[in-house]
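Working notes, beginning with the structure itself.
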Number of protein chains: 2
Amino acid sequence: MTAQPPVRLLLADDHPVVRAGLRAVLETEPDFEVVADVPTAEGAVDLAARLDVDVVLMDLQFGGRMLGSQATAEITARDGAPRVLVLTTYDTDVDILAAIEAGATGYLLKDAPPEELAAAVRTAAAGKSALAPTIALRLMDRMRTPATALSRRETEVLQLVADGLSNAQISKQLFLSQATVKSHLVHIYAKLGVDSRTSAVAAATTQGLIRR
Amino acid sequence: MTAQPPVRLLLADDHPVVRAGLRAVLETEPDFEVVADVPTAEGAVDLAARLDVDVVLMDLQFGGRMLGSQATAEITARDGAPRVLVLTTYDTDVDILAAIEAGATGYLLKDAPPEELAAAVRTAAAGKSALAPTIALRLMDRMRTPATALSRRETEVLQLVADGLSNAQISKQLFLSQATVKSHLVHIYAKLGVDSRTSAVAAATTQGLIRR
DNA sequence: TGCGGCATCAATCGAAAGGTGGAGCCTGGG
DNA sequence: CCCAGGCTCCACCTTTCGATTGATGCCGCA
């Protein structure tokens, strides 16, 4: 066992308390070094480029508008980019998939115990994928039932339905005809095994296909 | 300015990271002393009785069954009970009302900056009510529009709508005629200021009038 | 190159949901 | 005692939704 250079960390979370907590937890590990923490996704993108960091711990839900997944995508797009470990409160499918598509190396829940957190950081620093057991299970489920996979456009329509819009309103918002909206809905109902917009929203919500 | 005895704190949150963060943030204040932190609501009730604490910082959502408001009620029921400051992530009406009814002295959001947090703890220790500005505003809204209060039966109907049931299914489940279900819905729409079942569910969800 | 999935649109028809305007019953508070 | 408000129900009508069928263009993959 040779002396390793420390793992350099960047923390991105809009909750001051969580930032302080992550710092406190991670700095007890002798081989970790928290180089900075930021309260915004934009700040994370900026500092990830300018500082020399190995792993970014990224929250997905920021108070503002820019999403953590978007920031993740921007960070991982660069050459020699740091690994991004997504750290979020709830484990909905949309979030997980968005994060993985954005190039996240791992996905953790905020209720993870410190040891699991530290282990995930080391795994990520080594370039390997780090998924919380809960998340891994959920992904397995996803693979087994391909029916649950809505297309991008379908998800978009369903989200607007969940927001309470009528077919007419959705068609205007997405610059579609009502026929198209209905067509998407028919496919959505078939995939979810339901027969009305409200039950589609209910099913999609429990399965974490849309955000509330 | 005389030397005050320190404010003795108990932290209750199921997220290790949040506990560490609260500890880190609050211990920088010289007049605060964190005497313990616990990961469960039950533990909070227990320690609040056995230790000499002034203020309990209580999360509402615990991993298991939601006991935060219940624990608050149990703690505040005793003689010489500490003040309970509820600290939660999201600001839904049901949560706020439940906490206040349970006897919470204050209600804070987890994204509060450290200064606000410290100020609220001091306010609570002094026995005064401490509400985050966002929360206070929301409560004012609540008072101004008593319409937002759905009756028991209306809430019941709306919950079933949110679960994806049709009027026919709801009428069977509640042993009503469809006319009655429709009648309830009309009143619900009026109170929420909407005109369809899906938008009623959306509105009620954001206002925390129904679960999930 | 052709097949399948996705996205787009159209027409039609019956069923469900929403809008309006009632009405009777019961309970609790002024 | 009466009135307000919650809960239950009815009829009639309009609008929206869902189901069905069918069509087009695009793209990726075998």
Side-chain angles (χ1 to χ4, degrees), chain A residues 93-94 97-98 101 142-205 209-210, chain B residues 94 97 142-205 207 209-210:
Chain A
D93 283 13
V94 266
L97 290 183
E101 278 172 18
R142 243 338 233 284
M143 298 308 175
R144 267 190 233 104
T145 39
T148 322
L150 297 181
S151 74
R152 196 156 302 150
R153 200 56 160 171
E154 285 163 356
T155 305
E156 202 173 353
V157 170
L158 185 54
Q159 181 63 59
L160 293 179
V161 170
D163 291 342
L165 303 198
S166 68
N167 289 348
Q169 290 171 315
I170 295 173
S171 70
K172 273 175 202 148
Q173 181 131 352
L174 297 182
F175 303 103
L176 297 176
S177 78
Q178 288 196 42
T180 307
V181 175
K182 285 188 172 192
S183 178
H184 285 309
L185 284 177
V186 166
H187 297 144
I188 292 170
Y189 297 160
K191 287 182 179 177
L192 296 181
V194 298
D195 56 0
S196 77
R197 56 221 283 86
T198 44
S199 52
V201 170
T205 301
L209 267 44
I210 52 178
Chain B
V94 269
L97 290 182
R142 242 338 232 283
M143 299 308 174
R144 262 190 241 105
T145 40
T148 322
L150 297 182
S151 75
R152 200 162 306 129
R153 200 58 159 169
E154 285 163 357
T155 306
E156 203 172 352
V157 169
L158 185 53
Q159 181 62 60
L160 293 179
V161 169
D163 290 343
L165 303 199
S166 68
N167 290 348
Q169 291 171 313
I170 294 172
S171 70
K172 274 174 203 150
Q173 181 131 350
L174 297 181
F175 303 103
L176 297 175
S177 78
Q178 289 196 40
T180 308
V181 175
K182 284 187 171 192
S183 179
H184 284 310
L185 285 176
V186 167
H187 297 145
I188 292 170
Y189 298 161
K191 287 181 179 178
L192 296 181
V194 298
D195 57 0
S196 77
R197 44 179 56 235
T198 44
S199 52
V201 170
T205 302
Q207 289 177 47
L209 266 44
I210 52 179

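First the proteins, then the strands, lettered A, B, ... as listed; each starts at 1.
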- Mind listing the closest non-hydrogen atom pair of A:Ile188 and A:Ala200 along with its distance? CG2-CB, 4.5 Å
- Query: Over how many whole Å does the gap from A:Arg152 atom CZ to C:dG5 atom C1' extend?
  - Reply: 14 Å
- Message: With heavy-atom distances below 4.5 Å as the criterion, would you say the side chains of A:Gln169 and A:Leu160 are in contact?
- Response: no
- Taking every non-hydrogen atom, the tightest pair across A:Gly164 and B:Ala202: N-CB, 4.1 Å
- Report yes if the side chains of A:Gln159 and A:Asp163 come closer than 4.5 Å at any heavy-atom pair, otherwise no. yes
- Query: What is the minimum heavy-atom distance between A:Ser196 and A:Ser199, and which atoms define it?
  - Reply: OG-OG, 2.8 Å
- Query: At how many degrees, to 10°, do the end axes of the helix from C:dT1-D:dA30 to C:dG30-D:dC1 meet when each uses five pairs?
  - Reply: 40°
- Task: Please answer whether the main-chain N or O of B:Ala179 pairs with a side-chain N or O of B:Ser183 as donor and acceptor at a distance below 3.5 Å.
- Result: no
- Query: So, do A:Leu185 and A:Asn167 sit near enough that their side-chain heavy atoms are less than 4.5 Å apart?
  - Reply: yes
- Task: Check B:Leu158, B:Val161, B:Val157 against B:Arg197 for a side-chain contact (heavy atoms from CB on, under 4.5 Å) and give me the one that passes.
- Result: B:Val161
- Indicate for each nucleotide in nucleotides 8-30 of chain C, in 5' to 3' sequence, whether protein heavy atoms under 4.0 Å reach the base (B), only the sugar-phosphate (S), or nothing (-). BBB------BBSB----------
